[in-house]
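Both backbone and side-chain heavy atoms feed into the values below; hydrogens, waters and symmetry mates do not.
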Amino acid sequence: LRGLDASMAEFAGGLRRRGFEAFRVEYSVEARYPYQVWDIEVPLSSGRFDGPADVAALEQEFHRIHERIFAVSEPGQQVECVNWKARLTVPLERPPLREDGSSGRAAPEPARRRAAYFEGDGELDVPVFLGPRLQPGALLPGPALVEEETTTIVVYPGSSVRVTGIRNYLIEIEEEPVP
């Protein structure tokens, strides 16, 4: 668990450098009865075992979950802990559900430019926009890239993307000519 703590701290440090501050870490263990072929994930109340009572609580929780899943448990039977796990979660801000009333259509300035490859057009020098800086109503003609916290939106040549009033992206795709 100390090794998992160190990994989570290192990962969280990288996220802090990107501006994230709030984190939640959850611990679990994949466990089974001896000679079983399936593992059961058992959540841990913390990333620490302070004594025999914590070990007994883990065993009891394993038996309870085993009973719930398989309708049978074997209290008193050994429990094998196979994989110790930790999950770090960063809560993201929820977008508003209503339009904010602004309709600014000013052409935004790209944060930078970079090369991107588009089939049929080859490598192009395209503008890169930072999504959180785009205002509702902004219209970006393709080719372009929009970087968000968790994804990158590719706007193909001939297409465009508009930032809606609730800060979603509406992509207008160029129709292919019918042969």
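- Val29 has its side chain out of reach of Glu61: every pair of non-hydrogen atoms, C-beta onward, lies at least 4.5 Å apart.
- Between Pro141 and Ser160, the shortest heavy-atom distance links the atoms CA-CB, 4.1 Å.
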List the atom pairs, donor and acceptor, that lie under 3.5 Å between side-chain atoms in residues 143-158 and the rest of the protein, sequence neighbours left out.
residue, atom, partner, partner atom, Å
Glu147, OE1, Arg112, NH2, 2.8
Glu147, OE2, Arg112, NH2, 2.7
Glu148, OE2, Tyr169, OH, 2.3

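- Looking at heavy atoms from C-beta onward, Ser159 lies out of side-chain contact with Glu172 at the 4.5 angstrom threshold.
- Counting heavy atoms from C-beta on, the side chains of Asn168 and Leu170 never come closer than 4.5 Å.
- For the pair Leu88 and Leu15, the minimum side-chain heavy-atom distance is below 4.5 Å.
- The side chain to side chain contact (heavy atoms under 4.5 Å, CB included) search around Leu1 returns Leu4, Tyr27, Leu44, Phe49, Trp84, not counting sequence neighbours.
- In this structure, Trp38 and Glu30 have side chains that are not in contact, with every pair of non-hydrogen atoms separated by 4.5 Å or more.
- To the nearest 0.5 Å, atom CZ of residue Arg24 and atom CZ of residue Arg87 are 9.5 Å apart.
- At a threshold of 4.5 Å between non-hydrogen side-chain atoms, the residues Leu140 and Pro110 do not count as touching.
- Of all non-hydrogen atoms in His63 and Gly76, the two that sit nearest each other are NE2-N, 4.0 Å.
- In this structure, Glu67 contributes its side chain and Ser73 its backbone to a donor-acceptor pair below 3.5 Å.
- For the residue pair Ser28 and Pro43, the shortest heavy atom distance occurs at CB-CA, 4.0 Å.
- Between Val82 and Arg32 the shortest side-chain heavy-atom distance falls below 4.5 Å.
- Gln77 has its side chain within reach of Pro34: a pair of non-hydrogen atoms, C-beta onward, lies under 4.5 Å apart.
- Counting all heavy atoms, side chain and backbone alike, Tyr33 lies closest to Glu80 at O-OE1, 4.3 Å.
- If you check the side chains of His66 and Gln36, you find a donor sitting under 3.5 Å from an acceptor.
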